[in-house]
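Counting starts at 1 for both ligands and their atoms, in listed order. Model, not experiment: these values are computed from the prediction.
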Amino acid sequence: MKKPLIVQKFGGTSVGSIDRIEAVAKHIIKAKNDGNQVVVVVSAMSGETNRLMGLAHQIDNVPPARELDVLLSAGEQVSMALLAMTLGKLGYPARSLTGGQANIVTNNQHNDATITHIDTSVIDDLLAQDLIVIVAGFQGVNENGDITTLGRGGSDTTAVTLAGALSADECQIFTDVDGIYTCDPRVVASAQKLASIDFPTMEEMARKGAKVLHLPSVQYAWNNNVPLRVLSTFDNGPGSLVKGEVCPRPVCGLAIQRALISVRFEQTYISSVVQQCQMLGIQVWSTIPGDQFGSVIISEAQYAKLNLLFKDKIIHIESSTALTLVGHQAKELISMSNELLARHMIKIAHFDVNDRSLMLFLSAESIDKAANLLHDSYIATNQFLEIHQKRA
Ligand code: ASP
Ligand code: MG
């Protein structure tokens, strides 16, 4: 009988030191001893991708995208080799593969590539030899064989896509929190751990800044029915399962996105700025139109690129953050959120709504407080929703 196949992904903190890599090896060995075939995906050791990025930025504010991918992909290569050595030493032979060696093919969008195809034959052969297979996360190769990377946090996407291609029984994302919370528990003390979360909510949370899962990984798992679980490397709890499409509450979660920047231009330039952003792969979080001046909100990390093109047209820049309420009633909560935050002297600079969420742009100093206030009112207690329903 064919053994079950599990894909386990370990994030940067989980492989952050040799001791931690040993702890990771124990999880893998347990899965293997339980009778599973195991494919492992690893991130770079914590801090490593940032360190490499910092080196590149010492040379160039906007490093050439192809070379940046060559550089950044090295981080994952270090952890995969160290983990393979550790497993071997413990008596469990393992083989490490780069994205290219694992036949992970992507499009040509350097620094933010999308996986187009995985030929699993190499992995299948290694599994047939009873080896543990370790694949470098976050990377693939394009049609020319050039190394590409999948965007920050992209190892989740490697894991989920591999799980889909291998028809794995489960994809387990091991991280430094013990599951998926209604909001970042490091910011909001009353954040609740969810035993399960639906795909639409998880997708919107990931899109709006929740770092727990990389957005394309959620989309892929949703489209391809990959059973996806987030759990902690450091304890043995069951974690959180992403499944289904129904969120049982009016507001299901709160996503926090920091390090945004609001860039002001004369209004006449706004549409061409937005167009250029699309061409350069710069995500526009929102646009704020005005009579004479307008602004676009983008991530701080992408500002250097925009500045390169529009240097003399930029009138003003200001840091910003976004707090997003996710849930089917979120869109109705703007005036109530406004009142609630105003009582604590917090001003909403701008907001955007869609069917699933309400996005509030706030100053960097106020976002933690605002997250706590809104979470307590809308999620931890139903106090505000009751008032809202009475009013409606
Ligand atoms: N090492 C990459 C990053 O730091 C990818 C990942 O960890 O998922 O963004
Ligand atoms: Mg991550």
Phe10 and Phe174 aromatic ring geometry - parallel, tilted or perpendicular at 30°/60° bounds: parallel

Side chain proximity check, Leu5 to Val7, heavy atoms < 4.5 angstrom: yes

Pairwise side-chain contact, Met205 with Val218, heavy-atom cut-off 4.5 Å (strictly under): no

Closer than 4.0 angstrom: is that true for some heavy atom of [X] and an atom of ligand 1?
| X | answer |
| --- | --- |
| Glu48 | no |
| Gly137 | no |
| Gly153 | yes |

Nearest protein heavy atom with distance in Å, relative to atom 9 (O) of ligand 1: Arg152 NE, 2.7 Å

Ligand 1 contact on His214 by region, counting heavy-atom pairs under 4.0 Å: neither

Contact (N/O only, under 3.5 Å) between Thr49 and ligand 1: yes

Ligand 1 N/O within reach of Lys9 N/O, cut-off under 3.5 Å: no

Ligand-side contact atoms (ligand 1) for residue partner Ser155, heavy atom cut-off under 4.0 Å: 5 (C), 6 (C), 7 (O), 8 (O)

Atom indices of ligand 1 within 4.0 angstrom of Ser43 heavy atoms, with elements: 6 (C), 7 (O), 8 (O)

same_hphob_cluster(Val42, Val39) at 4.5 Å side-chain heavy-atom cutoff: no

Co-membership, hydrophobic cluster, residues Val251 and Val188, 4.5 Å side-chain: yes

Other residues, nucleotides, ligands: >12 heavy atoms within 6.0 Å of Arg264 CZ: yes

Main-chain N/O of Phe234 paired to Ser232 side chain as donor or acceptor, under 3.5 Å: yes

